[in-house]
Amino acid sequence: MKLTRRAVLSAGVAMPFIGRTAFAQSNTIAIGALTPQTGAGGSYGPSMVKTIRAVVDEVNAAGGVLGRKIELISENDETSPEAGVRAARKLIDVNKVSAILGTWASSVTTAVAPLCWENKVMLFTVSGADSITQLPHQGFIIRTQPTSKLQSTRIAEFLLSRGAKRTFVMSAQTPFAVSGFNTVSEVLTAAKTEVLGHVIYDPAKATFRSELEQAIKTKPDTIFFNSYTPDLTTLLRELYRLGYEGRKHTMAYAANAKLLEALPAEVTEGLTSMAPSPDVDSPVYKKVRDILGTSDPDPYSCQTYDHITMALLAIARAGESSGPAIHGAVRKISQGTGTKISSAVEGLKLIAQKTEVNYEGASGPCDFADTGDIITCKFRFDVAEAGKNRLLGIS
Amino acid sequence: MENYLIAMTVFAGIYAIMALGMNLIWGLGGMVNLGLAGFYAVGAYTSALVTTKLGLPIYLAVPLAVLVSALVGVIVAVITARLQGDYLAIVTLGLAELVRLTASNEIWLTNGTDGISGVPGPWRGVLSPTAFNSLYLGIVLCIIAVLFLVLSRLAASPFGRVLRAIREDEMIAAVAGKNVLSFKIRTFAVGCGLVGLAGALFAHYSSYVAPDVFQSIVTIHVILAVAVGGVGNMRGALLGAVIVIALGEATRFLAGSLDFIAPSQAAAVRESLIALFLIVVLNVRKQGLLPEKTPVYSEEKR
């Protein structure tokens, strides 16, 4: 055969497929990663897969699970429910994965979930919408991200710990505004403190003077801003001009460095903020830091590290690699009275010796309710002092 | 594997129905409607809402979704009656965004960004996943066959001729005594109704609708399908829709087999390959793969 340029080119194109089919026949355990590599979540996906890949490589180097190597198949959900469904179809029907890890956007998770429970594939997600675990998922969803209900509860408890007696809430118009307020309000009134009112504002407005005056008229000692950075910038400036001297609290994504730079220190002084936090003291967190080469890994990458570790431990514990096997065993390795472990390889060794284990992850203790929701998680609290955030504590 | 191929064919079918609608409005009528995703959403939400909230059966919900989308199409056509080209494109693009924002914020009706889950599918749950998939594919293919026949007939009819005349020069069509506005409105109604039908079919297939589904990328994909297939040719619209889905899936396997690059790079490779293919096709064949064949009426034939 004459070696023409065309022949070389077509061989080059065909080559990866040949290799793929040859390897696919070997006896591996297929696990799917479905993360956003493009679209709105595109900045998170790459590091999420990186932590999953790191665990898979480590476990494979140590001999795999049940004597089989792990084959990780990564797909891009494009932060779109439709593209996510197509990718999930491919993972489930072509690659025969027993678990899908890392769906990020709530809409993608909700779209992919029915495919997972119909085909008995386990879904591990980092999406936050409360509605996800209310789906009829028959236990095929595990969620490591705290729900907005858990977050709102912790906010209210924090406000109480700071001495809030009369609280006013201002929320940007979002799907979570009302449910978030209701939860905060429940906790505050249960502790016999007053909730003075709630204003939902359009964050695109240029001024919030009338909304703030409405709040100040009620004489609050604490105002909670469920806001984003741009609107919070305006709100704080106007609040300062109105001479308010009480406590102010917000979400950490709003009270970021950008906000603190944009406003004079006296305007932001004393502003407290909260964010779900990875367990920064845990050895697993330090490992994720090394994998990603950053001192401050994002919570989603910590969570996907936990997803893959739990999936593999569950497979080992169940003694088989199917979706229902993971479904049945995931709580046996993540909670309970077993030996506390912080890595997949360590856990696999113990499970092989028939020792019960309890995985404590990078994102938190990884204990799950029957709904699939995480029971508890750490939060970090900061306070702005002289234009800089100071860590108040992690709890 | 079969399930995957069946599912992808269903998606291609849903895109094909949208492409047929787009081809009628843009290909024949020459009106650039970038609001496609909006009509897709109207159809999907209508069908999802009346089945989940009012308990209407699917066979009534889908025609209702078509009607509502067609009605919205009529309203848009009347509002934009005096707009052409870029201006029409911008207004319709805005309309799609309006629909998406409404779906995100009117929580009492649409459940906001959480979307509506548990939209029923025909015998879903009774049938095995494979049987449901196959049944749905059958339904979608039948619908496409009927639509294709009717639309091809329509394109060749006097109605189609007038549309092409309007596309080439509105003024001349008007001088020839045709009521341009009436033709435009009817075209919008039928075209948008078809896009709404695709939306309803999507809702009952995927069982979930949310604002995120209806981003403008859907419109772009359908425009690509029509452009690659051949603007003005119904066969071209079908071929284009199949190509858009096939290309997206083929590049998935190709990029996925490149083990040595990171997933984010694979995603970039995939998008570059799709772009490259489209650029090459549209450079080599400007009229699309199946160009429009305008019937020639010669003196002898009469």
Side-chain angles (χ1 to χ4, degrees), chain A residues 13 15-20 23 33 35-40 42 45-50 53 73-76 78-87 89-96 105-108 110-115 118-119 129-132 134-136 173-178, chain B residues 1-8 10-11 14-15 40 104-105 107 110-119 121 124-125 128-130 132-133 202 205-215 217-218 221 245 248-249 252-260 262-268 270-271:
Chain A
V13 170
M15 196 74 105
F17 289 112
I18 298 166
R20 173 71 34 173
F23 283 120
T35 53
Q37 302 292 330
T38 52
S47 62
M48 292 166 72
V49 188
K50 214 167 159 186
R53 167 63 65 194
I73 304 106
S74 171
E75 286 295 340
N76 176 9
E78 302 171 37
T79 328
S80 144
E82 194 218 301
V85 164
R86 282 198 267 141
R89 276 272 171 206
K90 186 248 177 189
L91 289 173
I92 294 170
D93 295 330
V94 180
N95 302 113
K96 311 277 180 210
S106 292
S107 58
V108 173
T110 315
V112 167
L115 285 180
E118 280 173 7
N119 292 285
D130 289 356
S131 56
I132 288 170
Q134 291 155 16
L135 295 168
Q173 190 182 21
T174 65
F176 318 109
V178 175
Chain B
M1 188 73 182
E2 316 81 59
N3 256 335
Y4 166 72
L5 290 176
I6 294 171
M8 292 315 118
V10 171
F11 279 117
I14 290 171
Y15 271 90
Y40 187 46
S104 303
N105 289 296
I107 300 170
T110 61
N111 207 18
T113 49
D114 281 353
I116 303 167
S117 53
V119 181
R124 192 180 188 130
S128 70
T130 313
F132 170 76
N133 257 326
F202 174 82
Y205 183 59
S206 71
S207 87
Y208 175 61
V209 294
D212 273 4
V213 178
F214 309 103
Q215 294 167 17
I217 189 79
V218 177
H221 279 154
I245 294 288
E249 294 306 308
R252 179 196 300 289
F253 285 89
L254 189 65
S257 64
L258 306 173
D259 284 335
F260 50 88
S264 54
Q265 293 167 320
R270 221 182 127 195
E271 295 193 340

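Since the structure is predicted, the reported quantities are computational estimates derived from the model, not experimental observations. Chain identifiers are assigned alphabetically (A, B, ...) following the order of the sequence lines, protein sequences preceding nucleic acid strands; residue numbering begins at 1 within each chain.
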Structural part of B/M8 lying under 4.5 Å from a heavy atom of chain A: side chain
Side chain from CB out, backbone as N, CA, C, O: work out which of these in A/A87 comes under 4.5 Å of a heavy atom of chain B, or both, or neither. both
Report which part of A/T110 has an atom under 4.5 Å of a heavy atom belonging to chain B: side chain, backbone, both, or neither. both
Would you mind checking which part of B/A210 comes under 4.5 Å of any heavy atom in chain A, side chain (CB onward), backbone (N, CA, C, O), both or neither? side chain
Where does B/Y4 contact chain A at under 4.5 Å (heavy atoms): side chain, backbone, both or neither? both
Cut-off 4.5 Å, heavy atoms of chain A, and the answer for B/E271 is side chain
B/S206: which residues meet the side-chain hydrogen bond (donor to acceptor under 3.5 Å, both in side chains) condition with it, sequence neighbours left out? none
Once you round to the nearest 0.5 Å, how far does CG of A/N119 lie from OG1 of B/T130? 8.0 Å
With a 4.5 angstrom heavy-atom cut-off, which part of B/F260 approaches chain A: side chain, backbone, both or neither? neither
Would you mind checking which part of A/K50 comes under 4.5 Å of any heavy atom in chain B, side chain (CB onward), backbone (N, CA, C, O), both or neither? neither
Quick one: what part of B/P263 sits under 4.5 Å from any heavy atom of chain A, side chain, backbone, both or neither? both
Side chain, backbone, both or neither: which part of A/S107 has an atom under 4.5 Å from a heavy atom of chain B? both
All heavy atoms of B/M1 vs all of A/V94, minimum pair found to be SD-CG2, 3.5 Å
What part of A/T79 gets within 4.5 angstrom of chain B, counting heavy atoms only: side chain, backbone, both, or neither? backbone
